[in-house]
Structures are given as C-alpha cells and as structure tokens.
Visitor: 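The structure is given below, and queries will be raised subsequently.
Excluded from the calculations below are hydrogen atoms, water molecules and symmetry mates; all remaining heavy atoms, backbone and side chain alike, are included.
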Amino acid sequence: MPKETEPQKETVQRVMHEFKHGELRSGTSGDKVTNPKQAVAIALSEAGASNQQSPKENEARLRRTKAKERRGETAEAETEGRGAKGSRTKRG
C-alpha cells in the first residue's frame with residue numbers, strides 16, 4: 001500500500017481535528033459527524049487517499065480540497081475567524 005504524501009497527511013489531520021472539536025459536517029445533509037469511522041472515511045476521501053475511489057478521483061479530490069483550504073472554506077478556518085464567507089469584495 002502506498003504511503004500518504006505530506007499534503008494528504010495535513011488534510012487528514014485537519015479533518016480529524018474538525019471532528020474532535022465537533023466542527024466536521026456531512027457533505028449532503030450538513031449534519032454533524034459523530035461516528036469516528038465516518039470521520040476517517042471523510043478524511044481519507046478529502047485527502048485523496050481512499051481505497052474506494054480510483055487514482056484519478058483521488059487526485060481530483062486532493063486538488064479540490066487544497067483549493068478549499070487556500071480559500072479558507074474549511075470549518076476550522078471559519079471557526080478561527082479566517083473564513084471566506086462574506087469576505088469577498090467586488091473589485092472595480
């Protein structure tokens with residue numbers, strides 16, 4: 001089994017941190033995740049390290065997640081006041 005890359009490890013750590021602090025939410029319903037196994041599955045999926053998806057899907061998910069982290073659209077960033085919600089201004 002291939003080892004996780006550094007960006008994948010960082011993403012898994014962030015998602016598990018959100019779970020531990022009760023900030024992790026399910027994708028479609030938006031409900032808080034309370035099951036540790038579900039949190040691990042979400043972490044691996046976001047990190048692009050899931051064995052349930054193809055390598056191409058994993059690469060795309062990691063790219064999408066890293067873009068979301070750069071924009072500050074994670075629960076962790078929003079809780080710490082770095083969220084992108086409402087911070088976009090129109091440039092003219």
Visitor: Using the side chain to side chain contact (heavy atoms under 4.5 Å, CB included) rule, take K32 and L24 through it: C-alpha gap first, then chi angles, then the decisive distance, then the call.
Guide: CA-CA 6 Å; K32 283 188 180 179; L24 184 62; over 6 Å; no
Visitor: State whether E46 and R61 are salt-bridged, where the test is any N-O pair (Lys NZ or Arg NE/NH1/NH2 against Asp/Glu carboxylate O) under 4.0 Å.
Guide: no
Visitor: Rounded to the nearest 0.5 Å, what separation is found between the CZ atom of R70 and the NZ atom of K68?
Guide: 12.5 Å
Visitor: Any side-chain heavy atom of E18 within less than 4.5 Å of one from T74?
Guide: yes
Visitor: Rounded to the nearest 0.5 Å, what separation is found between the CD1 atom of I42 and the CZ atom of F19?
Guide: 9.0 Å
Visitor: Nearest heavy-atom pair of A39 and V15: which atoms, and what distance?
Guide: O-CG1, 4.1 Å
Visitor: In terms of hydrophobic clustering (I, L, V, M, F, W, Y; side-chain heavy atoms under 4.5 Å; direct or indirect links), are V33 and L44 co-clustered?
Guide: yes
Visitor: Any side-chain heavy atom of Q38 within less than 4.5 Å of one from S26?
Guide: yes
Visitor: For K66 and T11, which I'm curious about, is there any donor-acceptor pair between the side chains at under 3.5 Å?
Guide: yes
Visitor: Between CD of E10 and NE2 of H17, what distance do you get to the nearest 0.5 Å?
Guide: 14.0 Å
Visitor: Return the minimal non-hydrogen interatomic distance between Q8 and G48, and the atom names on each side.
Guide: NE2-O, 2.9 Å
Visitor: Search all heavy atoms of Q53 against all heavy atoms of N58 and return the closest pair with its distance.
Guide: OE1-OD1, 3.0 Å
